[in-house]
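Next up is a structure, given as structure tokens.
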Number of protein chains: 2
Amino acid sequence: MSQKLSPVEALDLWQRVCVASVRQDVPDLSARQMALLLTVYLTPPPHTVRGLAGILNVSKPAVTRAVDRLGELGMVKRKVDEYDRRSVLIQRTVKGSVFLREFGDTIVAASAPSSDVNSD
Amino acid sequence: MSQKLSPVEALDLWQRVCVASVRQDVPDLSARQMALLLTVYLTPPPHTVRGLAGILNVSKPAVTRAVDRLGELGMVKRKVDEYDRRSVLIQRTVKGSVFLREFGDTIVAASAPSSDVNSD
DNA sequence: AGACTTTGTTTCAGTATCGTATCTATTTAC
DNA sequence: GTAAATAGATACGATACTGAAACAAAGTCT
């Protein structure tokens with residue numbers, strides 16, 4: 001069954017995760033960049049610039065820039081669609097997978113603060 | 001009992017919340033700004049520039065900038081400490097409280113996708 | 001009083017991102 | 001084959017953020 005999460009607990013979780021993430025050497029991604037990255041990894045492909053712009057409700061150049069940035073970081077990569085060479089498919093990378101796996105662990109750790117007391 | 005949250009579930013939650021947040025007219029806060037905002041609202045005061053810089057492990061000018069930005073948005077406000085006029089206390093605002101309450105509701109809604117009444 | 005410490009802001013050059021409009025490349029329609 | 005439509009990238013001027021260093025203001029110490 002899905003757990004019940006109160007608004008206060010939810011915000012508290014979000015705070016711990018954000019702080020833990022910021023404290024690391026992780027690049028300071030904006031909400032848009034994070035939303036794009038997670039969408040590429042967690043929703044079924046293909047992912048195009050136009051499609052992501054629609055999902056995130058932002059302009060196409062904004063998506064292009066976010067993909068540029070995440071590409072520089074090695075988190076995603078571009079690939080021209082073979083069947084419609086106008087389109088660009090945004091794909092996952094090994095580095096991005098590792099980053100998100102660690103990030104998931106960060107969330108899990110932040111959601112169970114009672115277990116053990118190691119806070120740094 | 002504390003709910004068990006798997007890494008995949010955690011990332012999935014994060015994705016839904018980030019996307020929902022980005023889709024709104026909400027300003028595109030960086031992870032640092034969000035971490036600062038949440039820390040001001042969810043951890044006991046007082047909150048100083050120096051203290052926040054330590055908590056977030058960023059430079060003091062970075063905190064000043066984030067407070068500038070969040071102040072422009074009406075999310076936090078500054079107040080000189082009466083007892084040590086060198087210090088600046090970063091305090092909550094009504095607008096920030098409203099924003100975070102709504103954000104908490106967004107997280108709760110994203111964590112209970114089974115009751116899908118509407119998706120916008 | 002004077003020197004020193006602490007706090008936060010400002011300056012600086014450099015980089016990143018923004019939205020709108022324009023551009024190139026590709027596909028489709030006629 | 002030529003025009004229209006589509007997808008994504010780029011140009012543009014504007015704004016925001018970066019860390020390091022210098023700064024002003026306020027407190028502390030002797």
Side-chain angles (χ1 to χ4, degrees), chain A residues 18-19 21-40 45-91, chain B residues 18-19 21-40 45-92 99:
Chain A
C18 283
V19 170
S21 176
V22 168
R23 286 186 60 83
Q24 298 170 358
D25 67 340
V26 179
D28 187 32
L29 300 183
S30 70
R32 286 184 179 186
Q33 294 166 339
M34 198 64 187
L36 192 152
L37 181 64
L38 285 163
T39 297
V40 167
H47 299 292
T48 63
V49 171
R50 175 179 165 76
L52 290 167
I55 290 172
L56 302 179
N57 196 30
V58 300
S59 67
K60 285 192 296 179
V63 172
T64 294
R65 296 290 182 189
V67 172
D68 285 348
R69 176 77 176 128
L70 293 171
E72 287 172 8
L73 296 171
M75 302 290 199
V76 301
K77 63 182 175 186
R78 280 183 237 248
K79 181 172 181 301
V80 172
D81 186 346
E82 305 166 11
Y83 299 98
D84 183 346
R85 299 179 55 79
R86 291 172 302 182
S87 289
V88 167
L89 306 177
I90 290 90
Q91 301 182 318
Chain B
C18 284
V19 170
S21 177
V22 168
R23 287 187 59 84
Q24 299 169 0
D25 66 340
V26 179
D28 188 33
L29 300 181
S30 69
R32 286 185 179 186
Q33 293 166 339
M34 197 66 187
L36 192 153
L37 180 65
L38 285 164
T39 298
V40 168
H47 299 293
T48 64
V49 172
R50 176 178 164 75
L52 290 167
I55 290 172
L56 302 180
N57 197 30
V58 300
S59 67
K60 285 192 296 179
V63 173
T64 294
R65 295 290 183 191
V67 172
D68 285 348
R69 176 76 175 129
L70 294 171
E72 288 171 8
L73 296 172
M75 302 289 199
V76 301
K77 63 183 176 186
R78 286 176 162 97
K79 181 173 181 300
V80 173
D81 186 346
E82 305 167 12
Y83 299 97
D84 183 345
R85 298 180 56 78
R86 291 173 303 182
S87 289
V88 166
L89 306 177
I90 289 91
Q91 301 182 317
R92 308 171 195 172
F99 170 74

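Computed from a predicted model, the values in this text were never measured in an experiment. Chain naming here is simple, since letters A, B, ... match the order of the sequence lines and numbering starts at 1 in each. We use all heavy atoms of the structure for the numbers below, so side chains are in, but hydrogens, waters and symmetry mates are not.
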- Within-4.5 Å side-chain heavy-atom neighbours: B/Leu29 and B/Leu73: yes
- Task: For A/Glu82 and A/Arg85, work out which heavy atoms get closest and say how close.
- Result: O-CG, 4.2 Å
Taking N or O atoms only and anything under 3.5 Å, show me the protein contacts with nucleotides 26-28 of chain D, one pair per line.
unit_1 : atom_1 : unit_2  : atom_2 : d
D/dG27 : OP1    : B/Arg85 : N      : 3.0

- Note on the structure: Comparing A/Arg69 with B/Ser87, nearest DNA chain C nucleotide closer to 5' gives the residue B/Ser87
- Query: For A/Ala35, which residues count as a side chain to side chain contact (heavy atoms under 4.5 Å, CB included) partner, sequence neighbours excluded?
  - Reply: A/Leu56, B/Cys18, B/Val19, B/Val22
- Taken to the nearest 0.5 Å, the spacing of B/Met75 CE from B/Leu37 CG works out to 6.5 Å
- How close or far is atom P of D/dG8 from atom NE2 of A/His47, stated in whole angstroms? 13 Å
- To the nearest 0.5 angstrom, please state how far the OG atom of A/Ser21 sits from the CE atom of B/Met34. 12.5 Å
- Give me the first and last nucleotide of DNA chain C, going 5' to 3', that has any atom under 4.0 Å from a heavy atom of chain A. C/dT17 to C/dT27
- Between atom NZ in A/Lys79 and atom C1' in D/dA7, what is the gap in whole Å? 16 Å
- Message: Looking at B/Ile90, is its backbone amide N or carbonyl O close enough to the side chain of B/His47 to form a donor-acceptor pair, meaning the two atoms are under 3.5 Å apart?
- Response: no
- Message: Need one value for B/Thr48: base, sugar-phosphate or nothing, where a base atom within 4.0 Å counts as base even if backbone is also close, heavy atoms only.
- Response: sugar-phosphate
- Query: Base, sugar-phosphate, or nothing for B/Ala62, non-hydrogen atoms under 4.0 angstrom?
  - Reply: sugar-phosphate
- Query: Can you list the residues that meet the side chain to side chain contact (heavy atoms under 4.5 Å, CB included) rule with A/Arg78, with sequence neighbours excluded?
  - Reply: A/Thr64, A/Val67, A/Asp68, A/Val88
- Is the shortest side-chain N/O distance from B/Gln33 to OP1 or OP2 of D/dC17 below 4.0 Å? yes
All N/O pairs under 3.5 Å across the protein-nucleotides 9-11 of chain D interface:
unit_1 : atom_1 : unit_2  : atom_2 : d
D/dA9  : OP1    : A/Arg78 : NH1    : 2.4
D/dA9  : OP2    : A/Thr64 : OG1    : 2.7
D/dA9  : OP2    : A/Arg78 : NH1    : 3.3

- Query: Closest heavy-atom contact between A/Gln33 and A/Arg69?
  - Reply: NE2-CG, 3.5 Å
- Query: Can you name the residues that form a side chain to side chain contact (heavy atoms under 4.5 Å, CB included) with B/Asp81, not counting sequence neighbours?
  - Reply: B/Tyr83, B/Asp84, B/Ser87, B/Leu89
- Message: Between A/Arg23 (side chain only) and B/Ile55 (backbone N and O only), is there a donor and an acceptor less than 3.5 Å apart?
- Response: yes
- Task: Report the distance from atom CG of A/Leu52 to atom P of D/dA7, rounded to the nearest whole Å.
- Result: 13 Å
- How long is the span from the CG atom in B/Leu52 to the NZ atom in B/Lys60, to the nearest 0.5 Å? 12.5 Å
- Task: Report the distance from atom CG of B/Asp28 to atom P of D/dT15, rounded to the nearest whole Å.
- Result: 18 Å
